[in-house]
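Following: one structure in structure tokens, then a few remarks.
Along the sequence shown, residues are numbered consecutively beginning with 1.
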Amino acid sequence: ISAIARTTADAGTMWIATSMGRVLMTRNANAASAGAVSFTRLDDDSALAPTRFPSGIAVDPTDPNHAWVSYAGYNAYTPSTPGHLFEVRVDPATGSSTWADRSYDLGDVPLRSMAYDPTLGDIYAAGDWGVLRLPGGATAWMDAGTDLPPVATYGLTIEPGQRLLYAATHGRGVYSLVLPDADLDQAADAAVSAAVETFGGLDSMIHNALAPTGPPHPIEEVPEATWRSMMGVSSRSCSSSISPTMVSTISSIETRPSVP
């Protein structure tokens, strides 16, 4: 068994994977007798499923028929079935599954672990070069956070109540990352909407975000990691909510007739 996952959506569902690429699901994992537990094979439902090592499974805590599966190994070993991260949905009536490749621009990067954030629908995937994030509904991967080292990471765990992601690295210890907060995103969107409704648009953006810099340094001695953290907070603190509106405002200004 290479991966195993349960869900809080019910008491009986369990997903497992084997090292040879099989992915299976049972709905009676808690049966009194082990011999009574029955599994349905899912990977043979789709021509997309790779015949490589499944490195992780995350089951939707609100839907036992919805899961994500990550794969190790390189696409070059299975050129007819590329991909490293898949979204799987099971039809509860028929037991058959549909697979969708969510690797997008990930590249041929073997994944060691993955985790699903049900609050935002984000996926976190770990490989030999650190941790990446696929925001819910997005089609492009991004760095999960500037405070995580770009090293082999073999385990990811999300603590939903604390909004924390724990990342276990190979030889560099365990790190924690504070996850984005849906409430803050919604508050920013609401503030932008109110400003647009009141003033008709947004022409500029000024933030008041503060990034911790650690002990004081002369500016020429500020560590590179600190610079990256500061610039990340400064450039991303309010841009995700405001930028689309500013682009729309600028476009409308450019198309207005010139005034003598």
Does atom OH (Tyr104) have a neighbourhood of more than 12 heavy atoms from anything else shown, all under 6.0 Å?
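Atom OH in Tyr104 is crowded, with more than 12 foreign heavy atoms closer than 6.0 Å.
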
Would you kindly confirm whether [X] and [Y] end up in one hydrophobic cluster when ILVMFWY residues are joined by side chain heavy atoms under 4.5 Å apart?
X      : Y      : value
Leu106 : Tyr116 : yes
Leu48  : Val88  : yes
Ile158 : Leu156 : yes
Ile123 : Val69  : no
Val131 : Trp129 : no

Can you tell me how the ring of Trp68 sits relative to the ring of His66, calling it parallel under 30°, perpendicular over 60° and tilted otherwise?
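Because their plane-to-plane angle lies in the 30° to 60° range, the rings of Trp68 and His66 count as tilted.
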
So, [X] side chain and [Y] main chain: donor-acceptor pair closer than 3.5 Å or not?
X      : Y      : answer
Asp10  : Thr13  : yes
Thr169 : Ala152 : no
Arg52  : Gly83  : yes
Asp60  : Thr62  : yes
Trp141 : Ser103 : yes
Asp91  : Ser97  : no
Trp15  : Pro64  : yes
Ser70  : Ser113 : no
Thr78  : Ser80  : no

Work out which heavy atom in [X] is nearest to a heavy atom in [Y]; give both atom names and the distance.
X      : Y      : answer
Val59  : Ala5   : CG2-CB, 3.8 Å
Asn75  : Pro82  : OD1-CA, 3.5 Å
Thr51  : Thr81  : N-OG1, 4.0 Å
Gly130 : Thr153 : CA-OG1, 4.1 Å
Pro61  : Thr7   : CA-OG1, 3.4 Å
Met142 : Pro135 : SD-CG, 3.7 Å

Should [X] and [Y] count as an ion pair when the cut-off is N to O under 4.0 Å?
X      : Y      : result
Arg163 : Asp117 : yes
Asp43  : Arg22  : no
Asp128 : Arg112 : yes

Sub-4.5 Å side-chain heavy-atom contact between Asn65 and Arg89:
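They are not in side-chain contact.
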
Less than 4.5 Å apart, side chain to side chain, heavy atoms only: is that true for Tyr124 and Asp122?
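A side-chain contact exists here, since the closest heavy-atom pair is under 4.5 Å.
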
Walk me through whether Met25 and Arg27 qualify under side-chain contact (heavy atoms from CB on, under 4.5 Å).
CA-CA 7 Å; Met25 173 188 184; Arg27 299 188 186 278; 3.3 Å; yes

Give, for atom [atom1] of [X] and atom [atom2] of [Y], the distance between the pair rounded to the nearest 0.5 Å.
X      : Y      : atom1 : atom2 : answer
Arg133 : Leu165 : CZ    : CG    : 11.0 Å
Ile57  : Arg6   : CD1   : CZ    : 12.5 Å
Thr18  : Leu24  : OG1   : CG    : 7.0 Å
Ser176 : Glu159 : OG    : CD    : 11.5 Å
Leu111 : Phe53  : CG    : CZ    : 12.0 Å
Asp147 : Asp143 : CG    : CG    : 11.5 Å

Qualifying residue for side chain to side chain contact (heavy atoms under 4.5 Å, CB included) with Leu164, from Leu177, Leu179, Val178
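Single side chain to side chain contact (heavy atoms under 4.5 Å, CB included) partner of Leu164 among Leu177, Leu179, Val178: Val178.
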
For the rings on His84 and Tyr71, is their centre-to-centre separation under 6.0 Å?
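No, the ring centres sit 6.0 Å or more apart.
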
Apply the test side-chain contact (heavy atoms from CB on, under 4.5 Å) to residues Asn28 and Ser38: give CA-CA distance (whole Å), side-chain angles for both, the deciding distance (0.1 Å), then the verdict.
CA-CA 7 Å; Asn28 66 333; Ser38 59; 3.7 Å; yes

